[in-house]
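Below is one structure, written out as structure tokens, with a few remarks after it.
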Amino acid sequence: MEKREKLTECEEMIMSILWSSEEDLDLMTVTDNAKERFGKEWKLQTVATFMTRLEKKKYISVYRIGRYSHYHPVVSIDEYRKEKMEEVCGILFEEDLEQMARFIANMAAKLLQH
């Protein structure tokens with residue numbers, strides 16, 4: 001599998017918005033969702049810049065309907081989660097999947113107790 005360029009925190013927010021939608025979204029809808037979900041007061045041009053970067057990184061595709069661009073995730077959230085977990089396992093757990101699984105299970109148990 002081709003290694004994709006990493007996402008910034010802001011790009012992950014945008015992808016989260018796209019992944020949570022059952023339909024492709026236009027720029028205004030993404031901008032409104034960023035404000036509602038993450039408290040981000042981004043201008044349309046800022047979000048458009050994020051979208052351009054995401055397209056260049058091959059995380060989304062873009063198509064036009066009339067005057068408006070619509071954005072579609074081409075990387076699924078499960079695929080992205082898998083890549084992130086592999087990265088974390090390699091860096092923080094020195095490729096030891098059992099150690100990482102124990103850590104995650106312990107953290108989940110603690111979180112469920114609260």
Side-chain angles (χ1 to χ4, degrees):
M1 173 177 31
E2 178 186 330
K3 195 82 166 159
R4 264 186 283 278
E5 196 174 334
K6 290 182 183 181
L7 297 182
T8 66
E9 183 179 349
C10 294
E11 290 166 345
E12 284 182 337
M13 289 180 198
I14 299 294
M15 288 304 298
S16 175
I17 291 166
L18 294 174
W19 284 322
S20 66
S21 177
E22 293 184 14
E23 56 191 43
D24 299 342
L25 301 176
D26 63 30
L27 193 61
M28 181 64 81
T29 303
V30 173
T31 304
D32 291 344
N33 273 273
K35 183 176 181 178
E36 289 172 25
R37 289 181 53 188
F38 302 110
K40 298 295 183 183
E41 300 268 350
W42 290 325
K43 294 181 179 174
L44 285 174
Q45 187 57 50
T46 301
V47 177
T49 299
F50 292 143
M51 295 306 202
T52 300
R53 290 178 185 164
L54 287 166
E55 184 181 22
K56 285 180 183 174
K57 292 179 180 183
K58 300 181 179 168
Y59 282 88
I60 64 171
S61 63
V62 182
Y63 61 92
R64 293 184 70 83
I65 297 178
R67 294 178 26 200
Y68 300 99
S69 294
H70 288 73
Y71 303 92
H72 175 80
V74 294
V75 175
S76 72
I77 190 165
D78 287 339
E79 188 177 352
Y80 187 70
R81 285 175 178 159
K82 179 181 179 290
E83 290 173 8
K84 290 294 279 190
M85 292 303 288
E86 287 172 352
E87 177 186 334
V88 167
C89 182
I91 295 170
L92 299 179
F93 296 96
E94 298 176 1
E95 304 291 335
D96 187 340
L97 284 172
E98 288 182 24
Q99 180 186 15
M100 185 174 87
R102 281 192 305 275
F103 177 81
I104 291 170
N106 288 338
M107 290 302 297
K110 288 177 183 176
L111 289 171
L112 291 172
Q113 289 175 354
H114 290 107

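Keep in mind it's a predicted model, so treat the numbers as computed, not measured. The figures here come from the full heavy-atom set of this structure, side chains too, leaving out hydrogens, waters and symmetry mates.
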Are [X] and [Y] close enough that some pair of their side-chain heavy atoms sits under 4.5 Å apart?
X      : Y      : value
Val62  : Met51  : no
Met107 : Ile104 : no
Met100 : Asp96  : no

Between [X] and [Y], what is the shortest heavy-atom contact and its length?
X     : Y     : answer
Ile17 : Val30 : CD1-O, 3.8 Å
Asn33 : Thr29 : ND2-O, 2.7 Å
Leu27 : Leu44 : CD2-O, 3.7 Å

Roughly how far, to the nearest 0.5 Å, is the [atom2] atom of [Y] from the [atom1] atom of [X]?
X     : Y     : atom1 : atom2 : answer
Glu5  : Tyr59 : CD    : OH    : 8.0 Å
Ser16 : Glu11 : OG    : CD    : 13.5 Å
Glu86 : Ile91 : CD    : CD1   : 12.0 Å
Thr8  : Leu54 : OG1   : CG    : 7.5 Å
Thr49 : Lys43 : OG1   : NZ    : 12.0 Å
Trp42 : Ile14 : CH2   : CD1   : 4.5 Å

By salt bridge (Lys or Arg N to Asp or Glu O under 4.0 Å), which residues pair with [X], not counting sequence neighbours?
X     : answer
Glu12 : Lys84
Arg67 : none
Lys35 : Glu41
Glu87 : Lys6

List the residues meeting side chain to side chain contact (heavy atoms under 4.5 Å, CB included) with Ile65, not counting sequence neighbours, and say none if there are none.
Tyr63, His70

So the ring pair (Phe, Tyr, Trp, His ring centres under 6.0 Å) pairs with at least one residue in residues 81-111 (sequence neighbours excluded) are Phe93-Phe103

Evaluate the criterion side chain to side chain contact (heavy atoms under 4.5 Å, CB included) for residue pair Asp78 and Lys82; output intermediate values, then yes/no.
CA-CA 6 Å; Asp78 287 339; Lys82 179 181 179 290; over 6 Å; no

Met28, Phe50: one ILVMFWY side-chain cluster at the under-4.5 Å cut-off?
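Linked, Met28 and Phe50 end up in one cluster.
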
Short question: side chain of Tyr71, backbone of Glu55 - any donor-acceptor pair under 3.5 Å?
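It does not hold such a pair.
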
Hey, what's the ring geometry for Trp19 with Tyr80, parallel, tilted or perpendicular (30° and 60° as the breaks)?
tilted

Under 3.5 Å, is there a donor-acceptor pair linking the side chains of Arg37 and Ser20?
yes

Evaluate the criterion side chain to side chain contact (heavy atoms under 4.5 Å, CB included) for residue pair Ile77 and Met15; output intermediate values, then yes/no.
CA-CA 8 Å; Ile77 190 165; Met15 288 304 298; over 6 Å; no

